[in-house]
Protein chains: 2
Amino acid sequence: MSKEKSRGADDSLKPTLWYSLLKLSELGALNRKILVSTIALAGDRGVSQQTASKHLIELDRGGYIERQASVQGNHIKITEKGRRAVEGMYLKLRSVIDKKPHMLTFKGKVVNGLGEGAYYMSRPGYREQFSRKLGFNPFPGTLNLRLVPSQEGVRRELETLPAITIKGFKRGKRTFGEVKCFPAVINDSVKGAVALIHRTHHDDLVIELIAPTHLRRSLGLREGSDVKVTIVFNS
Amino acid sequence: MSKEKSRGADDSLKPTLWYSLLKLSELGALNRKILVSTIALAGDRGVSQQTASKHLIELDRGGYIERQASVQGNHIKITEKGRRAVEGMYLKLRSVIDKKPHMLTFKGKVVNGLGEGAYYMSRPGYREQFSRKLGFNPFPGTLNLRLVPSQEGVRRELETLPAITIKGFKRGKRTFGEVKCFPAVINDSVKGAVALIHRTHHDDLVIELIAPTHLRRSLGLREGSDVKVTIVFNS
DNA sequence: ATTACTAGTAGTCGAGTAT
DNA sequence: TATACTCGACTACTAGTAA
């Protein structure tokens with residue numbers, strides 16, 4: 001019977017309780033003490049009176065509301081903890097809706113490039129910018145990744161997202177285009193970046209990774225290896 | 001569009017499913033097709049792999065996501081219906097958090113006034129404004145309501161909310177103060193208004209109602225009767 | 001009127017496992 | 001690897017009812 005189920009401060013709000021807390025918020029309990037009967041709340045929530053009663057008891061015990069039950073109904077005010085729960089959900093939704101993804105993860109398979117990456121990365125005009133803007137000195141070479149077919153949209157989406165821009169330049173009669181970069185974590189371990197090289201010989205299913213180390217070696221990759229890339233946006 | 005009560009697909013999202021849909025949104029499924037394994041989703045959600053799998057199946061059946069399950073995982077994109085669910089929650093939370101209550105309900109008991117209401121309401125300087133700004137011709141008289149003790153905060157909160165203001169005026173040596181009004185529904189049936197008459201002989205627990213009809217008669221009220229007032233804000 | 005307890009039941013979850 | 005089925009255990013619900 002004493003199965004230590006941490007009775008006291010289970011700080012995760014169960015989904016059904018969240019809905020009841022939300023309903024109380026709608027009734028104004030964030031701003032003032034409201035009077036609501038379990039019957040009325042049950043009607044709003046679409047559950048029974050008994051369930052509404054239990055929800056109030058549990059929200060109270062969890063510290064999300066202050067409550068005085070009386071014969072006229074429940075006098076309820078949402079506590080600071082309850083407010084944080086509501087606002088937390090709001091902030092989470094806002095960041096999701098405003099399509100500023102805080103994180104973007106995708107997978108791809110290693111494909112062999114044409115050795116071009118090494119040439120590009122070793123151009124001083126690029127190299128200096130990479131070092132300064134990304135915070136690491138890139139290994140002279142890129143790892144080419146072919147996205148799995150269903151994720152063909154990733155590259156297009158990346159093009160619309162705020163990137164670190166490496167400016168293009170001219171050297172002699174050759175033009176080096178602008179490169180968009182996204183700091184990324186490769187296989188959950190190595191910090192590097194996704195580089196969208198504008199003038200690419202690959203189709204849209206291939207993206208290139210750069211890192212301070214030789215990724216193939218340090219991660220033990222071969223052609224066809226699965227690689228996971230996680231881009232984290234700073235905000 | 002009509003109001004189809006949709007057979008077959010239960011169009012109310014269960015709380016636990018909502019949480020899974022939210023998690024998918026966080027992973028970016030609002031914007032593109034993502035690849036996620038039931039194991040990964042389970043980890044994020046704090047449920048088992050089996051439960052995550054079931055949730056995906058039910059979200060799919062409910063029309064909230066498009067899904068292709070494969071041996072690499074689930075390719076998932078949130079549908080229009082799913083997006084509406086997420087955005088609906090966001091909008092609801094925004095209106096709640098931004099403390100612009102869309103609705104405020106309270107209860108009070110009928111108390112006898114001093115007959116002053118009738119005098120005020122019949123002043124042409126007030127009457128014309130009420131008629132024009134509230135959209136009805138007020139019955140010459142007010143219904144006084146004593147708030148239940150726990151709702152003493154309601155009057156104070158009303159003073160901070162956007163009101164329809166009836167300007168004061170002078171008639172002879174007498175000064176008639178400004179009145180703040182809130183369109184309201186009384187006992188879920190009669191459209192009238194709450195009137196905060198600045199210069200009142202009552203304490204803060206009493207508010208006054210006006211309406212196009214004689215409320216005591218049309219609602220069959222007596223002293224001590226319970227009255228429910230719902231103020232709806234336009235936006 | 002209320003709240004909220006008890007008891008029975010419907011529904012949800014997760015371990016094992018098939019594919 | 002992955003998804004997803006079965007089924008026993010557990011959780012959350014509602015009906016009845018006391019206070």
If you define the side chain from C-beta out and look only at heavy atoms, does anything of Lys107(A) sit under 4.5 Å from Val227(A)?
no
DNA chain C: first to last nucleotide in contact with chain B (atom under 4.0 angstrom from a heavy atom), 5' to 3', is dT12(C) to dG16(C)
Going by heavy atoms in the side chains, are Leu35(B) and Asn74(B) under 4.5 Å from each other?
no
5' priority, DNA chain C, between Asn74(A) and Lys54(A) [closest heavy atom]:
Asn74(A)
Please report the closest heavy-atom contact between Gly28(A) and Ile34(A), naming both atoms and the distance.
C-CG2, 3.8 Å
Can you classify the ring geometry of Phe233(B) versus Phe182(B) as parallel (below 30°), tilted (30 to 60°) or perpendicular (above 60°)?
perpendicular
What I want to find out is whether Lys109(B) reaches Asp226(B) closely enough, with some N-O distance under 4.0 Å, to be called a salt bridge.
yes
Could you tell me whether Arg61(A) and Glu58(A) make a salt bridge, using a distance below 4.0 angstrom between a side-chain N and a carboxylate O?
no
Could you check whether Glu87(B) pairs with Arg84(B) (Lys NZ or Arg NE/NH1/NH2 to Asp/Glu carboxylate O, under 4.0 Å)?
no
Would you indicate what Ser37(B) reaches in the nucleic acid, counting non-hydrogen atoms under 4.0 angstrom: base, sugar-phosphate, or nothing?
sugar-phosphate
Taking for each residue the nucleotide of DNA chain C with the nearest heavy atom, is it Ile57(A) or Val71(A) whose nucleotide lies nearer the 5' end?
Val71(A)
Using five pairs at each end of the helix from dT2(C)-dA19(D) to dT19(C)-dA2(D) to define an axis, what is the angle between those two axes, to 10°?
40°
Phosphate-side-chain proximity, Ser53(B) and dT3(D), N/O vs OP1/OP2 below 4.0 Å
no
